[in-house]
Structure formats: C-alpha cells, structure tokens
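In what follows, a structure is listed as structure tokens, so that the remarks can point back to it.
Counting starts at 1 for both ligands and their atoms, following the listed order. Just the heavy atoms: all of them, side chains too, but no hydrogens, waters or symmetry mates, feed the values below. Nothing here was measured: the structure is a model prediction, and the numbers come from that model.
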Amino acid sequence: MKIAFFSTKPYDKIFFEQENEAYGFQFNFYETHLGPHIVNAIENEEAVCVFVNDKLNRQVIEILAQKGVKLIALRCAGFNNVDLDAAKEFGIQVCRVPAYSPEAVAEHTMAMLLTLNRKTHKAYNRVREQNFALNGLLGFNIYKKKIGVIGTGKIGKAFIRIALGFGAEVIAYDLYPDKELIAAGVNYQPLDKLFEVSDIISLHCPLTPDNHYLINSESLAKMKDGVTIINTSRGNLIHTNDAIKALKERKIALLGIDVYEQEEKLFFKDLSTTIIEDDTIQLLMSFPNVLVTAHQAFFTEEALTQIAQRTLKSIAAILATGSTDHDVLL
Ligand code: NAD
C-alpha cells in the first residue's frame with residue numbers, strides 16, 4: 001500500500017518510518033504542500049497524508065479521486081483545510097488524529113503566557129550582554145488572575161488544569177460545558193461575560209464558519225484594557241489587523257500567537273535569507289509585547305509519536321478492512 005506525504009519535514013520522516021516498521025507501507029515523501037501544482041504527481045497511491053496548511057479544496061479532491069486516492073489522512077486534529085463536502089461527493093474518506101498529547105499544546109500555551117508576562121526572552125538576551133538591570137521586565141502574578149478559556153475540549157481542559165495549578169480563577173465558554181470542570185471550580189459564562197471579566201484570554205476552540213474572527217474590534221471593545229490574549233488554536237480566530245489596532249491603543253497588553261491567518265506562506269519554512277512580503281506579520285513581530293511562535297505548540301516527542309501511531313493505525317484499518325471506527329470524519 002502506497003501513501004503520499006505532503007508538507008513533509010525531516011522529523012515527520014523519522015517518526016513515521018519508526019512506526020511503519022509494524023506496517024510496511026510504502027511512503028512517498030513530498031516536501032511541498034498539497035495543492036493543484038503537485039496533485040498530478042500522484043500515481044498508485046491509495047492515501048495521502050497531509051498537515052495543517054495543505055489545501056484540500058474541491059479542485060484538488062476531484063483530481064485525487066481521479067487518481068484513485070481513497071483516503072485523506074490528516075496528521076493533525078484540525079480539519080478546516082479540507083472541503084469535506086467535496087470529499088463526500090467524490091467518495092474519499094477523511095480521517096484525522098483527534099487527540100495527541102493535548103498537554104503538548106496546553107503546556108506551550110502556558111509557556112507563551114509566562115514568557116510574555118515575565119519577559120524571559122528579553123532577560124535571556126540582556127544577561128548575555130551583562131545587562132543585569134530589571135527595568136522593563138516587570139510582570140504580574142498569574143495567581144488569582146481571571147483566565148478566560150474559550151473551548152474546553154481536550155486542550156482547553158489540559159490548559160485549565162495547569163491554570164488551576166497556578167491558582168488562577170478560570171472562566172470558560174464552550175457550546176458544551178464540561179461537568180468535571182464545573183466540579184473543579186471552573187465558572188462557565190456567556191462569551192460576552194468572559195470577554196468582560198478576563199485578565200487573560202486563551203483560545204482552544206476549533207475554527208468553524210461560526211467563529212471566524214471571533215476576536216475582532218467588536219469583541220475587543222468588550223474586553224478589559226490591558227488584556228492578554230493567547231492563541232494556540234487557529235489563526236483565523238483573530239482578525240489580525242483589529243488586534244494590531246488594539247495593541248496600538250493599549251487595549252491588548254500582551255499577545256501570544258502560535259498560529260496566524262496567513263501562516264501557510266511562512267510557517268514551517270526557513271525564510272531567514274529572504275525578504276518577507278507580509279507586512280502584517282512584520283509589524284506584529286516589531287511589537288515588544290507580541291510573541292510569535294510558528295505553530296510549534298504540538299511539537300513534542302510524545303505528540304509526534306502519537307500522531308504517527310494513530311495515523312498509521314487509522315490508515316491500515318480504513319484501507320484494509322473498510323473500518324469506519326478509526327478517527328474517521330467521513
Ligand atoms: P476538541 O474537539 O477536544 O475541543 C474543542 C472544544 O471547542 C469542544 O469542547 C467544542 O465544544 C468547543 N467549541 C467548538 N466550537 C466552539 C465555539 N464556537 N466556541 C467555543 N467553543 C467551541 O479539540 P482540541 O483537541 O482541544 O483542539 C482544539 C483546537 O486546537 C483544534 O481545533 C486546533 O485548531 C487547535 N490545535 C492547535 C495545535 C497547535 O500546534 N497549535 C495543535 C493541535 C490542535
């Protein structure tokens with residue numbers, strides 16, 4: 001059985017080849033993302049394995065079907081980049097990895113919050129230059145702060161456990177409140193109330209047509225002056241230009257983003273010797289109170305092992321037995 005991998009990085013090869021010892025699939029690794037420019041290269045592959053920034057629109061899916069591809073295996077949790085209606089129409093199954101070490105993303109979220117707040121990234125550079133002054137490094141205690149968590153699924157819940165460990169008060173919003181979290185003292189509130197009372201807001205919901213640009217000038221106006229916002233979920237949850245305006249107006253005091261609206265042109269690539277044309281990210285990165293990481297929240301050994309294990313298990317079950325019991329979306 002042949003599988004074509006797109007957006008492949010060296011670490012994908014390492015973890016997937018390690019797990020493939022149990023399966024013996026034939027892998028064809030492409031470094032490029034999957035799109036109309038490469039889809040015709042597919043020959044005799046029954047499955048494609050894709051990541052967050054591969055674009056599986058109707059045009060691509062139609063050609064995949066013509067090529068005999070039967071399965072799109074996402075090696076990630078989010079699936080907003082796949083046209084599920086088109087996949088259904090052309091009879092291609094889609095599976096994903098709904099859970100892989102939610103703690104990886106949750107811990108990175110707290111790392112971003114602590115870095116921004118306690119300015120360890122600046123302190124590191126200062127001390128190396130023998131500048132031992134503290135001016136400009138002032139932070140605040142997380143203890144007793146109100147942290148608003150939007151989306152309390154696997155990652156949101158893992159982040160809440162960490163936040164409660166810091167002694168923060170957690171306000172939450174989700175379409176389906178979690179009884180265990182309520183019992184642990186989490187206070188579910190309507191979204192507007194969360195915006196109004198939170199000192200820190202962390203996004204952990206999937207990107208859907210309903211919550212596109214959830215953070216925009218209107219919702220920002222409802223927030224406390226000096227709010228901290230962390231987004232490790234999906235870039236399009238934040239209207240970036242509205243966030244920039246709010247940073248200039250000091251409405252947002254600290255902004256941490258591991259995901260960005262236009263990230264597919266930038267993230268996962270070494271662009272250190274090129275001119276970046278995206279003025280918005282350049283402006284964002286120029287703010288001293290903004291921390292950008294390049295979609296690395298998932299990037300732990302445990303998560304990569306689980307992604308490879310679960311993806312290959314699903315591919316084997318779906319293609320060999322037709323089973324629809326393995327993380328199948330369609
Ligand atoms: P999950 O499905 O376990 O939880 C998502 C939660 O969000 C659910 O409880 C759901 O009810 C809730 N939700 C859905 N729509 C909502 C809305 N409009 N408002 C509020 N809540 C809503 O998913 P998860 O595993 O916790 O992952 C959450 C998201 O994190 C993923 O969709 C993905 O976008 C992102 N993610 C990012 C990385 C990274 O490396 N940065 C890695 C994995 C996942």
Side-chain angles (χ1 to χ4, degrees), residues 7 9 11-12 50-54 74-82 84 94-113 147-163 170-182 186 188-195 198 201-216 219 229-238 256-261 263-264 266-268 291-308 310-311 327-329:
S7 305
K9 299 291 172 200
Y11 45 83
D12 292 315
V50 296
F51 196 50
V52 290
N53 291 326
D54 289 297
L74 288 147
R75 52 179 189 278
C76 55
F79 51 90
N80 50 291
N81 52 333
V82 181
L84 292 179
V94 183
C95 69
R96 63 172 179 142
V97 187
Y100 55 89
S101 189
E103 291 77 18
V105 181
E107 288 172 15
H108 188 77
T109 306
M110 185 50 91
M112 294 192 87
L113 176 55
I147 304 190
V149 177
I150 302 180
T152 58
K154 291 174 284 298
I155 295 171
K157 211 169 175 176
F159 177 67
I160 287 172
R161 275 196 296 270
I162 298 171
V170 176
I171 322 291
Y173 171 76
D174 195 299
L175 309 175
Y176 306 99
D178 183 294
K179 286 193 190 119
E180 260 182 55
L181 291 178
I182 294 170
V186 171
Y188 278 92
Q189 290 291 337
L191 198 50
D192 280 356
K193 187 73 183 169
L194 182 150
F195 288 147
S198 300
I201 295 176
S202 194
L203 305 181
H204 298 290
C205 54
L207 175 67
T208 66
D210 296 339
N211 64 19
H212 195 260
Y213 290 156
L214 178 74
I215 306 299
N216 58 20
S219 52
I229 300 178
I230 312 285
N231 184 11
T232 55
S233 203
R234 281 293 177 267
N236 283 288
L237 291 171
I238 298 186
I257 55 169
D258 184 54
V259 285
Y260 167 62
E261 281 192 73
E263 71 175 51
E264 66 271 14
L266 305 168
F267 287 7
F268 310 119
L291 177 67
V292 181
T293 54
H295 210 135
Q296 75 171 83
F298 73 100
F299 201 55
T300 67
E301 283 180 23
E302 291 82 355
L304 291 192
T305 302
Q306 288 169 23
I307 288 170
R310 205 135 170 192
T311 304
D327 307 333
V328 170
L329 285 166

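Looking at heavy atoms from C-beta onward, R234 lies in side-chain contact with V52 at the 4.5 angstrom threshold. Counting heavy atoms from C-beta outward, F159 and T232 have side chains that stay 4.5 Å or more apart. No side-chain heavy atom of F298 sits less than 4.5 Å from a side-chain heavy atom of C76. Under the 4.5 Å side-chain criterion, counting only non-hydrogen atoms from C-beta, L266 is in contact with Y260.
Looking only at heavy atoms of the protein, atom 26 (O) of ligand 1 is closest to I155 N, 2.8 Å. Annotation: atom 37 (C) of ligand 1 to nearest protein heavy atom, T232 O, 3.1 Å. The nearest heavy-atom contact from the protein to atom 19 (N) of ligand 1 is Y173 CE2, 3.4 Å. Of the protein's non-hydrogen atoms, the one nearest atom 5 (C) of ligand 1 is P206 CD, 3.6 Å. Shortest contact from atom 23 (O) of ligand 1 to any protein heavy atom: K154 NZ, 4.3 Å. Scanning the protein for heavy atoms near atom 30 (O) of ligand 1, the closest one is S233 OG, 3.5 Å. Residue, atom and distance of the protein heavy atom nearest to atom 18 (N) of ligand 1 are N211 ND2, 3.3 Å. At the top of the distance list for atom 12 (C) of ligand 1, counting protein heavy atoms only, stands D174 OD2, 3.1 Å.
The shortest separation from a heavy atom of Y100 to ligand 1 is under 4.0 Å, placing the residue in contact. Under a 4.0 angstrom heavy-atom cut-off, L175 registers as being in contact with ligand 1.
A donor-acceptor pair shorter than 3.5 Å can be found between the side chains of Y213 and E261. Under the 3.5 Å distance criterion, with hydrogens and angles disregarded, a donor-acceptor pair is assigned to the side chains of T293 and H108.
Per-residue contacts place G151 under 4.0 angstrom from the following atoms of ligand 1 (heavy atoms of the residue considered): 7 (O), 21 (N). For ligand 1, the atoms closer than 4.0 angstrom to any heavy atom of D258 are 39 (C), 40 (O), 41 (N). For ligand 1, the atoms lying closer than 4.0 Å to a non-hydrogen atom of G153 are 3 (O), 4 (O), 6 (C), 9 (O), 26 (O). Per-residue contacts place Y176 under 4.0 angstrom from the following atoms of ligand 1 (heavy atoms of the residue considered): 11 (O).
Proximity of V105 to ligand 1, defined as any heavy-atom pair under 4.0 Å, is confined to the side chain (atoms from C-beta onward). For F79, no heavy-atom contact with ligand 1 is shorter than 4.0 Å. Residue H204 touches ligand 1 through its backbone alone, judged by heavy-atom distances below 4.0 Å.
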Please lay out, stage by stage, how T300 and Y100 fare under the test side-chain contact (heavy atoms from CB on, under 4.5 Å). CA-CA 10 Å; T300 67; Y100 55 89; over 6 Å; no

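Side chain of Q189 to backbone of I171: no donor-acceptor contact under 3.5 angstrom is found. Judged by distance alone, with hydrogens and angles left aside, the side-chain atoms of N236 form no donor-acceptor pair with the main-chain N or O of H212 at under 3.5 Å.
Here the options are L203, I230, D258, V149, the test is side-chain contact (heavy atoms from CB on, under 4.5 Å), and the partner is T109; only I230 passes.
Any N or O atom pair closer than 3.5 Å counts here, and A77 shares no such pair with ligand 1.
Under the 30°/60° scheme for interplanar angles, the aromatic rings of Y11 and F299 are found to stand perpendicular.
Residue nearest to atom 22 (C) of ligand 1, selected from G235, C205, P102, A172: C205 (by heavy-atom distance).
When all heavy atoms of I147 and S198 are compared, the closest pair comes out as C-OG, 4.4 Å.
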